[in-house]
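All remarks here apply to the structure that follows.
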Amino acid sequence: MKIATYLAPIFIGVLVVPSPASADACDILAGKAAPSCRAKATSMGGTILGNWIRTKPETATQPSLGKKGYFSSAMTPAVGTLGVPNYGNLRLSISCFIGERAMNLEALPYMLGFANGNHKVFDLTFKIDSKPEFTETWSLDLKRTELQAPIGSRLATSLQGARDLVITTEGVVGRKSPVGYVFKVEGFDKVNSLLCE
């Protein structure tokens, strides 16, 4: 009797969750409304490549540098969070402006308030598939509510051929419990190869 009780929830979970092989960015973002998400992305000139949505490339201006040129970006939504409530689909993005790549990570809500101990940078540890993990220090941009990769970040190179990415950081000051993000990153190779074209 107890075996049936334990098997039923597992079986239901398998039926509801799309298989990783067939899921894409819109499945993660919109669930049952994924077809609408795909249609909207396509109508706006975007492309879905695995678990990434690439926006339509355009000409952009960066006022702080006084530069104008080609801009393209792509993002993948988190499939979950670690140690904090799931606040929706936090995003990891990669962009290219005039041939220069940049990566950004949407900040967890605690990072934006007093609970972060007034940190302006966060040490992020990256675990990609079965590769050795590595740590980088990413700066917090409060205005854009995101963490920005340092120049020379290893993340884009390390994501080549990857499927799973887990990012962790220290978490709320004083709690000594890591928090983080979980991403499915299939499709990154294709996105990265098209980004600066």
Side-chain angles (χ1 to χ4, degrees), residues 17-31 34-35 37-42 44-58 60 69-82 86-108 122-139 141 144-169 179-197:
V17 178
S19 73
S22 65
D24 66 21
C26 282
D27 289 313
I28 297 166
L29 279 172
C37 169
R38 290 183 196 99
K40 185 174 182 180
T42 303
M44 296 175 70
T47 309
I48 298 171
L49 301 162
N51 289 335
W52 294 80
I53 298 177
R54 179 180 179 233
T55 59
K56 179 182 176 183
E58 61 187 4
Y70 175 86
F71 176 80
S72 180
S73 69
M75 72 86 191
T76 185
V79 296
T81 55
L82 303 170
N86 193 349
Y87 292 101
N89 298 106
L90 300 166
R91 295 167 175 91
L92 172 65
S93 63
I94 184 167
S95 62
C96 180
F97 180 65
I98 314 176
E100 293 184 25
R101 282 181 171 76
M103 293 195 83
N104 301 299
L105 178 63
E106 194 171 343
L108 292 165
F122 289 85
D123 289 332
L124 302 180
T125 299
F126 300 92
K127 179 68 178 147
I128 302 169
D129 296 333
S130 59
K131 299 175 185 177
E133 61 185 40
F134 62 95
T135 301
E136 295 181 342
T137 301
W138 287 37
S139 60
D141 182 334
R144 295 180 59 166
T145 67
E146 65 187 16
L147 300 170
Q148 299 175 332
I151 294 172
S153 172
R154 292 176 40 193
L155 184 56
T157 304
S158 299
L159 286 176
Q160 297 295 322
R163 296 184 50 132
D164 298 307
L165 167 64
V166 176
I167 304 171
T168 56
T169 189
V179 299
Y181 312 75
V182 179
F183 292 95
K184 296 288 185 187
V185 292
E186 293 97 347
F188 178 78
D189 293 355
K190 185 68 172 172
V191 163
N192 196 34
S193 70
L194 295 172
L195 204 62
C196 289
E197 282 187 345

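When a residue number appears, it is its place in the shown sequence, counting from 1. Reckoned from all heavy atoms, side chains included, excluding hydrogens, waters and symmetry mates.
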Would a 4.5 Å heavy-atom cut-off, applied to side chains only, mark Val185 and Asn51 as touching?
no

Please test Leu82 against Val182 for side-chain contact (heavy atoms from CB on, under 4.5 Å), starting from the C-alpha separation and ending with a verdict.
CA-CA 7 Å; Leu82 303 170; Val182 179; 3.9 Å; yes

Would you say the side-chain atoms of Thr145 pair up with the backbone N or O of Ala107, donor to acceptor, closer than 3.5 Å?
no

Side chains of Leu124 and Leu105, heavy atoms from C-beta outward: is any pair under 4.5 Å?
yes

Approximate separation, where rounding is to 0.5 Å, of Phe188 CZ and Ser193 OG:
9.5 Å

Output the distance between atom CD (Glu186) and atom CG (Leu49), rounded to the nearest 0.5 Å.
12.5 Å

Please say whether the positively charged group of Arg154, taken as NZ for Lys or CZ for Arg, lies over the ring of Phe126, i.e. under 6.0 angstrom from the six-membered ring centre and within 45 degrees of the axis.
no

Lys131 and Asp164 ion-paired at < 4.0 Å
no

What is the distance from atom CE of Met75 to atom CG of Asn104, rounded to the nearest 0.5 Å?
13.0 Å

Could you go step by step and tell me if Lys127 and Thr168 meet the side-chain contact (heavy atoms from CB on, under 4.5 Å) rule?
CA-CA 8 Å; Lys127 179 68 178 147; Thr168 56; over 6 Å; no

Would you say the side chain of Thr47 lies within less than 4.5 Å of the side chain of Leu194, judging by non-hydrogen atoms?
no

Are the side chains of Glu100 and Ile151 in contact, using a 4.5 Å heavy-atom criterion?
no

Can you find a heavy atom in the side chain of Ile53 that is under 4.5 Å from one in the side chain of Cys26?
yes

If you apply the rule side-chain contact (heavy atoms from CB on, under 4.5 Å), what do you find for Phe122 with Trp138, and how did you get there?
CA-CA 5 Å; Phe122 289 85; Trp138 287 37; 5.6 Å; no

Min side-chain heavy-atom separation Val179-Leu108 under 4.5 Å
yes

Validation row: Thr76, Val191 side chains within 4.5 angstrom (heavy atoms):
no

Distance in Å, Leu195 CG paired with Phe71 CZ, rounded so as to fall on 0.5 Å steps
8.5 Å

Is any side-chain heavy atom of Arg101 closer than 4.5 Å to a side-chain heavy atom of Asn192?
yes

Let's go through Leu92 and Leu165 carefully: what are the C-alpha distance in whole Å and the side-chain angles of both, what is the deciding distance for side-chain contact (heavy atoms from CB on, under 4.5 Å) to 0.1 Å, and is it a yes or a no?
CA-CA 10 Å; Leu92 172 65; Leu165 167 64; 3.7 Å; yes

Taking Asp141 for the side chain and Glu146 for the main chain, is one N or O donor matched with an acceptor at less than 3.5 Å?
no

